[in-house]
A.B. asks: 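Before I ask anything, let me first share the structure, which is written out below as structure tokens.
Quantities reported herein were computed from a predicted structural model and do not represent experimental measurements. For the single chain, residues carry numbers from 1 onward in sequence order.
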Amino acid sequence: MRSKPPRAKRWLGILVIMSIVFVLLGIVLVQRGHIASIRAELIKTRQSLIAQREGLTRQVRDTTGRMPYLFRVYGSDEGALHEEVNFYLAIPESLSLREKLEFLIARVSKYRFRGLPLRLVRLDDRQGKKIAVIDLEEPEFREGLSWGGSYFQGTTGGHFTYVSLVKTFLQNDYPGEWIDGVQFLYRGKPFEENDWDHINLSGTFYRHQERE
């Protein structure tokens, strides 16, 4: 008759199995950590923006007597499965086109991309069409947060970054004066000169049309 293994050996075997389980769990959690981080940031941002939107709406109503247009900022839902409007921005109609763009760019940077730099480089006139050229700049002192590492990686992440940038800046539903198209740069260079597997922001994107 076989003797039972000593208790110490049994506990050692259990510990080995538990260690393997924890390692595998850790890998899964790391892979999901980025989405979870974005989801938590999105919830926090929504709460902040609701309060800001209400305050700005009251302020504009008091000065103009009418409701401002609410610009849509697009992204993913909390499960990172579907496109949706993440939040709205009330932008005063009294601002010029450039001022409205810069207002939108600053808020998208702060509330949608955790402060990663976005800059309006210029407004081009291309055969009578107004094209906004926007640069995605990498921060110098933001360890662990970057466009390339945080928002261009993975099929899901790349897709929702594309949606957030293109749909938000084209504003297809806005009835007032707006740009006709948008072109994105990465660190001052056209996206055609960069090699990203999961995001394609090359060329110029036009309202209600395919990109050029």
A.B. asks: Working to the nearest 0.5 Å, report the span between CG of Leu201 and CD of Gln183.
C.D. replies: 10.5 Å

A.B. asks: Would you say the side chain of Trp178 lies within less than 4.5 Å of the side chain of Leu97, judging by non-hydrogen atoms?
C.D. replies: yes

A.B. asks: Following the transitive rule for hydrophobic clusters with a side-chain heavy-atom cut-off under 4.5 Å over Ile, Leu, Val, Met, Phe, Trp and Tyr, establish whether Phe87 and Val85 coincide in one cluster.
C.D. replies: yes

A.B. asks: Taking the side chain from Asn86 and the backbone from Ser76, do they hold a donor-acceptor pair closer than 3.5 Å?
C.D. replies: yes

A.B. asks: Is there a donor in the side chain of Thr204 and an acceptor in the side chain of Arg126, or the other way round, less than 3.5 Å apart?
C.D. replies: yes

A.B. asks: To the nearest 0.5 Å, what is the distance between CD on Glu102 and OG on Ser96?
C.D. replies: 7.5 Å

A.B. asks: So, Gln153 side chain and Ser150 main chain: donor-acceptor pair closer than 3.5 Å or not?
C.D. replies: no

A.B. asks: I'd like to know if Leu70 and Ile91 are part of one continuous hydrophobic network [Ile/Leu/Val/Met/Phe/Trp/Tyr, side-chain heavy atoms within less than 4.5 Å].
C.D. replies: yes

A.B. asks: Just so I know, are the side chains of Tyr206 and Lys129 near enough to count as touching, which here means a heavy-atom distance under 4.5 Å?
C.D. replies: yes

A.B. asks: If I compare all heavy atoms of Ile179 with all of Ala132, which pair ends up nearest, and what's the gap?
C.D. replies: CD1-CB, 3.8 Å

A.B. asks: Classify the ring geometry of Tyr162 against Phe205: parallel below 30°, tilted from 30° to 60°, perpendicular beyond 60°.
C.D. replies: perpendicular

A.B. asks: With sequence neighbours excluded, give me every salt bridge (Lys or Arg N to Asp or Glu O under 4.0 Å) pair touching residues 162-176.
C.D. replies: Arg72-Asp173, Glu83-Lys167

A.B. asks: Is there side-chain contact between Ile199 and Tyr151, with heavy atoms separated by less than 4.5 Å?
C.D. replies: no

A.B. asks: Kindly say whether Tyr74 contributes a backbone atom to a donor-acceptor pair with the side chain of Thr168 at under 3.5 angstrom?
C.D. replies: yes

A.B. asks: Rounded to the nearest 0.5 Å, how far apart are CZ of Arg207 and NZ of Lys130?
C.D. replies: 9.5 Å

A.B. asks: Cluster question for you: counting only ILVMFWY and a side-chain heavy-atom cut-off of under 4.5 Å, with indirect links fine, are Val166 and Tyr111 together?
C.D. replies: yes

A.B. asks: Does Ser109 reach the main-chain N or O of Leu116 with its side chain, forming a donor-acceptor pair under 3.5 Å?
C.D. replies: yes

A.B. asks: Is there a continuous path of hydrophobic side-chain contacts, each under 4.5 Å between heavy atoms, that joins Phe160 to Val73?
C.D. replies: no

A.B. asks: Check whether Asp135 reaches the backbone of Gly188 with its side chain - one donor and one acceptor, N or O, closer than 3.5 Å.
C.D. replies: yes

A.B. asks: Distance from Phe152 atom CZ to Leu136 atom CG, nearest 0.5 Å?
C.D. replies: 5.0 Å

A.B. asks: Lys100 and Tyr69: side-chain donor and acceptor closer than 3.5 Å?
C.D. replies: no

A.B. asks: Could you tell me which non-hydrogen atom of Gly181 sits nearest to which non-hydrogen atom of Leu170, and how far apart they are?
C.D. replies: CA-CD2, 3.9 Å

A.B. asks: Report yes or no: do Leu95 and Tyr174 belong to one cluster of Ile/Leu/Val/Met/Phe/Trp/Tyr joined by side chain heavy-atom distances under 4.5 Å?
C.D. replies: yes

A.B. asks: Working to the nearest 0.5 angstrom, can you tell me the gap between Phe191 CZ and Leu185 CG?
C.D. replies: 8.0 Å

A.B. asks: Working to the nearest 0.5 angstrom, can you tell me the gap between Thr161 OG1 and Phe184 CZ?
C.D. replies: 11.0 Å

A.B. asks: Which atom names give the shortest non-hydrogen contact between Asp77 and Leu81, and what distance separates them?
C.D. replies: OD1-N, 2.8 Å

A.B. asks: Looking at every heavy atom in both Ile134 and Val182, which two are closest together, and how far apart are they?
C.D. replies: CD1-CG2, 3.9 Å

A.B. asks: Using the test side chain to side chain contact (heavy atoms under 4.5 Å, CB included), find all partners of Glu138 that sit at least two apart in sequence or belong to another chain.
C.D. replies: Ser146, Trp147, Tyr186, Arg187

